[in-house]
Amino acid sequence: MIKQTLEKEKVATEGIDLDSVVYFSGKFVPLREANINIMTHAFQYGTGIFEGIRGYWNTDEKKIFIFRMKEHFIRLKNNCKLLRLELDKSVDELCQITVELMQKNKPTCDTYIRPNVYKAGIIVGPSLINKNGKNPTGLSICSMPMGDYVDILKGLHVCVSSWTRVDDNAIPPRGKIQGSYVNTALAKTDALLTGFDDSIVLNSNGHVTEGSAMNLFIVRDGVLITTPVTSNILEGITRTTIIELAKKELGIETEIREIDRTELYVCDEAFFCGTGAQVSPITMVDNRAVGDGKVGSLSKKLQDIYFDVVRGKKKEYLKWCSAVNY
Ligand code: PMP
């Protein structure tokens, strides 16, 4: 019945297998059966927290390596506090469910894992309070194949968005809150419709925050710079990874400070980073060439190191890769 309805309505399920197994309401079920009621609080008000985690298929070892899974679930658990979500699973339990999910779906390609923790009450009214169990917490985890989210090779042409990043005191961007991604959607969509690959979003003070769904680094006179976590950015796990890899692998300290819009026009290199975006060099901002308009050498070096690390090819960083056997 559900299958027929989805097919009749031509629901966009591109790349997503409705028969894949997902974790939903405490059980593993096929995706086509993991449906929520239209009165669900999170559906009405965007009151949920989500994560995006990548599993990289290692062709030599024939295993998936889930990258920094623990850190993603630690961030998820912390962010649950923002929305008063009462998640009754520990970080270790969330990791275990994710491993089981991989073992059930047995992916043999790069995979994206999407946990959602959300206000599951079937109620009207935006309050987050779970008085008398009326607004309980739901948990779902699904997975799907995912290649490159943006082009990581050609050098991205991006614009500065006309949309302003939501403020910590409005909808905290550090939260990875479902509803706050309307801000991301507006910035990304307008960039695409204007012919850009993506956008960089400014905060209400006019300083650079990050890309639509990725953090940002620039290079000026050999100095690697990124915006602080107090600039209304998501506290990216890839951002932390790049800061650590730059230091340990290349001996480069990252300067963490506010970035002005016009620094984007005069810097030597720029790149986005994120679970989806991986490390994606930027070669044009607002129709001005970044540096010489080619992918920057430090960006390329960091990209190469990053891919070796996430694919489990660097022993010293295997601690970040959870290999799953199936
Ligand atoms: N900023 C935003 C707004 C994002 O959605 C993402 C993707 N999760 C990132 C940055 C990058 O964060 P991470 O490296 O943890 O994936």
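Atoms within each ligand, like the ligands themselves, are counted from 1 in listed order. Quantities reported herein were computed from a predicted structural model and do not represent experimental measurements.
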Participant: Answer with yes or no whether the hydrophobic clustering places L264 together with V290; edges join I, L, V, M, F, W, Y residues whose side-chain heavy atoms lie under 4.5 Å apart.
Facilitator: yes
Participant: Is the terminal nitrogen or CZ of R288 (NZ for Lys, CZ for Arg) located under 6.0 angstrom from the six-membered ring centre of Y265 and within 45° of that ring's axis?
Facilitator: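 Cation-pi check for R288 and Y265: passes.
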Participant: Counting each atom of ligand 1 from 1 as listed, which ones have a heavy atom of Y181 under 4.0 Å away?
Facilitator: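 Here the atoms of ligand 1 in question are 2 (C), 3 (C), 4 (C), 5 (O).
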Participant: Closer than 4.0 Å to some heavy atom of K176 - which atoms of ligand 1 meet that?
Facilitator: 5 (O), 7 (C), 8 (N)
Participant: Does T238 reach ligand 1 with a nitrogen or oxygen that is under 3.5 Å from one of the ligand's nitrogen or oxygen atoms?
Facilitator: yes
Participant: When only distance counts, is H72 in polar contact with ligand 1, meaning an N/O pair under 3.5 Å?
Facilitator: no
Participant: Mark up the atoms of ligand 1 that fall under 4.0 Å of a heavy atom belonging to G236, in ascending order.
Facilitator: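 Every atom of ligand 1 under 4.0 Å from some heavy atom of G236: 12 (O), 13 (P), 14 (O), 15 (O).
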Participant: Which label fits Y326 and W57: parallel for a plane angle under 30°, tilted from 30 to 60°, or perpendicular past 60°?
Facilitator: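 Rings of Y326 and W57: parallel, under 30°.
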Participant: Below 3.5 angstrom, do we get any N/O pair linking T275 and ligand 1?
Facilitator: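 It does: an N or O of T275 is found under 3.5 Å from an N or O of ligand 1.
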Participant: Which residue and atom name correspond to the protein heavy atom nearest atom 11 (C) of ligand 1, and how close is it?
Facilitator: G274 CA, 3.6 Å
Participant: With a 4.0 Å cut-off on N to O distance, would you call D198 and K188 a salt bridge?
Facilitator: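 Yes.
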Participant: Let's go through F307 and I152 carefully: what are the C-alpha distance in whole Å and the side-chain angles of both, what is the deciding distance for side chain to side chain contact (heavy atoms under 4.5 Å, CB included) to 0.1 Å, and is it a yes or a no?
Facilitator: CA-CA 11 Å; F307 280 116; I152 52 168; 3.6 Å; yes
Participant: Can you list the ligand 1 atoms lying under 4.0 Å from a non-hydrogen atom of E210?
Facilitator: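 Once the distances to E210 are compared, the set is 1 (N), 2 (C), 3 (C), 10 (C).
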Participant: Got a salt bridge between E51 and R75, using NZ or NE/NH1/NH2 to carboxylate O under 4.0 Å?
Facilitator: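 So E51 pairs with R75 through a salt bridge.
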Participant: Considering non-hydrogen atoms of the protein only, which is the closest contact for atom 6 (C) of ligand 1, and what is the distance?
Facilitator: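 Ranked first by proximity to atom 6 (C) of ligand 1 is A213 O, 3.1 Å.
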Participant: Could you tell me which atoms of ligand 1, counted from 1 in the order shown, lie closer than 4.0 angstrom to a heavy atom of N215?
Facilitator: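 Every atom of ligand 1 under 4.0 Å from some heavy atom of N215: 10 (C), 11 (C).
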Participant: So, is S212 polar-close to ligand 1, with some N/O to N/O distance under 3.5 Å?
Facilitator: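 For ligand 1, there is no N or O atom that lies under 3.5 Å from one belonging to S212.
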Participant: Closest by any non-hydrogen atom to atom 13 (P) of ligand 1: pick that one out of I237, T240, T184, I242.
Facilitator: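 That would be I237.
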Participant: Check the orientation of F271 and F217. Use parallel for under 30°, tilted for 30 to 60°, and perpendicular for over 60°.
Facilitator: parallel
Participant: Does the N or O separation between R75 and ligand 1 drop below 3.5 Å for any pair?
Facilitator: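 Yes - when backbone and side-chain N and O of R75 are compared with those of ligand 1, one distance drops under 3.5 Å.
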Participant: So that I can tick it off, tell me whether R220 and E269 are bridged by a salt bridge, with the cut-off set at under 4.0 angstrom between side-chain N and carboxylate O.
Facilitator: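 Looking at E269 and R220, the cut-off is not met.
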